[in-house]
Number of protein chains: 2
Amino acid sequence: METNKVTIHDIAKSLNIDSSTVSRALNDSPRVTQKTKDKILAKAQSMGYQRNMLASNLRKNVTNSIGVVIPRISRHFFSSVIQGIEETAYDAGYSVVICQSLEELKRERNIIQTLVANRVAGVLISISMETTNYEHFQILNSQGIPYVFFDRHCEIPANNNVIINDFKGGYDATQHLVSKGCKNILHFSGPGHLEIYKNRLKGYKKALSDNNILFKTENIISSKLMEQDGKVITKKLMDDKVNFDGIFCANDQVAIGAIKYLNEIGVKIPEQVAIVGFSNEPVSNVITPSLTTIDQPGFEMGIKATELLIKNIKDQSGTLPPETITMETNLIERNSSQK
Amino acid sequence: METNKVTIHDIAKSLNIDSSTVSRALNDSPRVTQKTKDKILAKAQSMGYQRNMLASNLRKNVTNSIGVVIPRISRHFFSSVIQGIEETAYDAGYSVVICQSLEELKRERNIIQTLVANRVAGVLISISMETTNYEHFQILNSQGIPYVFFDRHCEIPANNNVIINDFKGGYDATQHLVSKGCKNILHFSGPGHLEIYKNRLKGYKKALSDNNILFKTENIISSKLMEQDGKVITKKLMDDKVNFDGIFCANDQVAIGAIKYLNEIGVKIPEQVAIVGFSNEPVSNVITPSLTTIDQPGFEMGIKATELLIKNIKDQSGTLPPETITMETNLIERNSSQK
DNA sequence: CTGTTAGCGCGTTCAA
DNA sequence: TTGAACGCGCTAACAG
């Protein structure tokens, strides 16, 4: 047990040089001759040396981990973002620690604390639905830990953000429904304090006004956008015999709930009712007539966010200006002929 | 910048005691009076002390992280397992590092190396489809790092495993199809070297023989079980006009591929054809007549595996006998009346 | 370019 | 029960 006890001192001793030179060589410092570097690397290899990351971390007071804070890993959108994060981070030599807030502010605070205590190199954050104040992120500033918001960002402009063009997404979704002949379009919206849902709503309003359709407040139905919400909302709509010919859903969960409920009660979704969600895979498996989705590029978003974060981590001066990257959605119209 | 520089020395100094006593108190050692303990804890609180995990890790030569090695995070089954892992680990004070092998042996080896170098407290593993030898896991033994296989385990019995009763799952699936009247049931199986697929196949064979149905080798179609495989296989079957009245799919991906292809070419899946997969959510969203699934308890599996791992981490003696926990699947018959 | 020296902050010996 | 002292393995500062 416990083999691998080779330290830089061992390899220094066997080469009659100093351990600090070995350290420099292993870190590819320019302050070592290529010749001695080669010698040291060869020796290290042959002795089966492996750097003790714990000691290295302590000395540098930082780890090679990137913390990721998301509401839920099981949401398809987030797991595809993580796919992008993982690949980018892995290639750059970082490992990824994933933490779920489960949409609770309390947990989110806790997670940030833990990540700071573990001296992560940087943090990627998509805030929870409960998050209305952002004080807990200040600790990252005070500790000099760079961070990037993605998707669910906060309205503070002085941050690094990688976000979706939610306004255009909402606009496209609504415009699509209008062009399909819908006159009375409902919007299942999210919590009013989250930027992304505010912007999707703005897009919805703009598309209506551009088409000379009157905006009605009662057509906006806000919820936490869980699948269950979709069911409950749709049930109430049907029970109340509310008149509508289109729904623009602000996310996939609520859309799935709505479709499932309609299926359950045996209501055939007519061609002219279209449901537009904001994430790909899960909705695409729910077969309805004329289903169209506004897909978010989750994977690419993960890559962009990680690249931006790493750029900030690598930056020595700490004076990089805050940056906001906006990504576009894709409207995907599905074949309505499938049964 | 860089506030929080409170160390055990600072709090020792302000109390006129030694830092070692503070260390003991903070670790709740029995070798400190309750009175001084209280005093120290109060002071630590008021000074805003936070343990430096990096230093602690170095000294103990182990972190409080659990490594998880899985093929793909975006597979629904794995993300539900992770949900269980996360919750259990979090409650026990561990953080979770997720690593994806992407079904590549090379990456899997690499990951194990990295986890060892980072001195994780333990590892949870579901092996890749390429993994046919298990030497790279020996390094965990030699370093004294406990590990547990879940779902995709290897045939080595002297390990900790949390597995599905795949034999019974395969049996139940096949029996279900037979009882629905199927006489000629195909089986979409996985790589022959993986235990789980071998066992599902055994269950299939047993159910056939119990029903006096002749087993035919040509009814077994093996692949890597990706969605694309399901499409390709089904296309070939249809093109070749192969005669069958039921399919037992060894996972959800391949089932989705099959169903999607049939949808694409406009073939209505007749009532007597049932497709049985091995994971829940994604398939449940694919609406077909008489779809039945054999659900795996992913979340519970994550909990069990993590509990077993933590038990092994906590064990000082290192002589805990290997343990194998078997979990049962649930056959879920879906309402075939939905269109 | 290389060697010397000095910790990072904690946990654990050994003494008292 | 507490204190003193040491070192985990590495890197950074300062010499030369």
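Just so it is clear: chains get the letters A, B, ... in the order the sequence lines come, proteins before strands, and each one is counted from 1. Note that the structure is a prediction, hence the values are computed from the model and not measured.
If you measure from atom CG of B:Asn52 to atom C1' of C:dG7, you get 14 Å, rounded to the nearest angstrom. Whole-Å rounding puts the A:Asn64 CG to D:dC10 C1' distance at 14 Å. One interatomic measurement links the two molecules: CZ of A:Arg24 to P of D:dC10, which rounds to 15 Å at whole-angstrom precision. As rounded to whole Å, 14 Å separates atom P of D:dT1 from atom CG of B:Asp28. The separation between A:Ile40 atom CD1 and C:dG3 atom C1' is 12 Å, rounded to whole Å. Between B:Lys60 atom NZ and D:dG9 atom P there is a gap of 16 Å when expressed in whole angstrom units. Rounded to a whole Å, the CG atom of A:Leu58 is 17 Å from the P atom of D:dG7. One atom, CG of A:Asp38, and another, P of C:dC1, lie 14 Å apart when rounded to the nearest Å.
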List, one per line, each side-chain donor-acceptor pair under 3.5 Å for residues 84-98 of chain B, sequence neighbours excluded.
from	atom 1	to	atom 2	distance (Å)
B:Thr88	OG1	B:Gly84	O	2.8
B:Ser95	OG	B:Ser65	OG	3.3

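Taking the charged nitrogens against the carboxylate oxygens, B:Glu103 and B:Arg152 do have a contact shorter than 4.0 Å, which makes a salt bridge. Ion pairing of B:Lys311 with B:Glu323 is present here, as a side-chain N (NZ or NE/NH1/NH2) and a carboxylate O approach within less than 4.0 Å. B:Lys5 and B:Asp10 are not joined by a salt bridge, as no carboxylate oxygen comes within less than 4.0 angstrom of a charged side-chain nitrogen.
Among the protein residues, A:Asn27 comes within range of the sugar-phosphate backbone only, with heavy atoms under 4.0 Å from sugar or phosphate atoms but none that close to a base. B:Arg51 comes within contact range of the sugar-phosphate backbone alone, with a heavy-atom separation under 4.0 Å but no base atom that close.
Residue B:Arg31 places its side chain closer to D:dT2 than to any other of D:dT2, C:dT2, C:dG9. Here the nucleotide nearest the side chain of A:Ser56, chosen from C:dG11, C:dC10, D:dC10, is D:dC10.
At the phosphate of C:dG9, neither OP1 nor OP2 sits under 4.0 Å from any side-chain N or O atom of B:Tyr49. Residue B:Thr36 places at least one side-chain N or O closer than 4.0 Å to OP1 or OP2 of D:dT2.
Looking at B:Arg59, its side chain has no donor and acceptor atom pair within 3.5 Å of the base of C:dT13.
Scanning residues 7-23 of chain B for heavy-atom distances under 4.0 Å to DNA chain C yields B:Thr7, B:Ile8, B:His9, B:Ser20, B:Ser23.
B:Phe137 and B:Tyr134 have parallel rings, their planes meeting at less than 30° on a 0 to 90° scale where 60° marks the start of perpendicular.
For the 3.5 Å distance criterion, the side chains of B:Asn141 and B:Gln138 qualify, holding a donor opposite an acceptor. Looking at A:Thr131 and A:Ser128, their side chains do bring a donor and an acceptor atom within 3.5 Å of each other.
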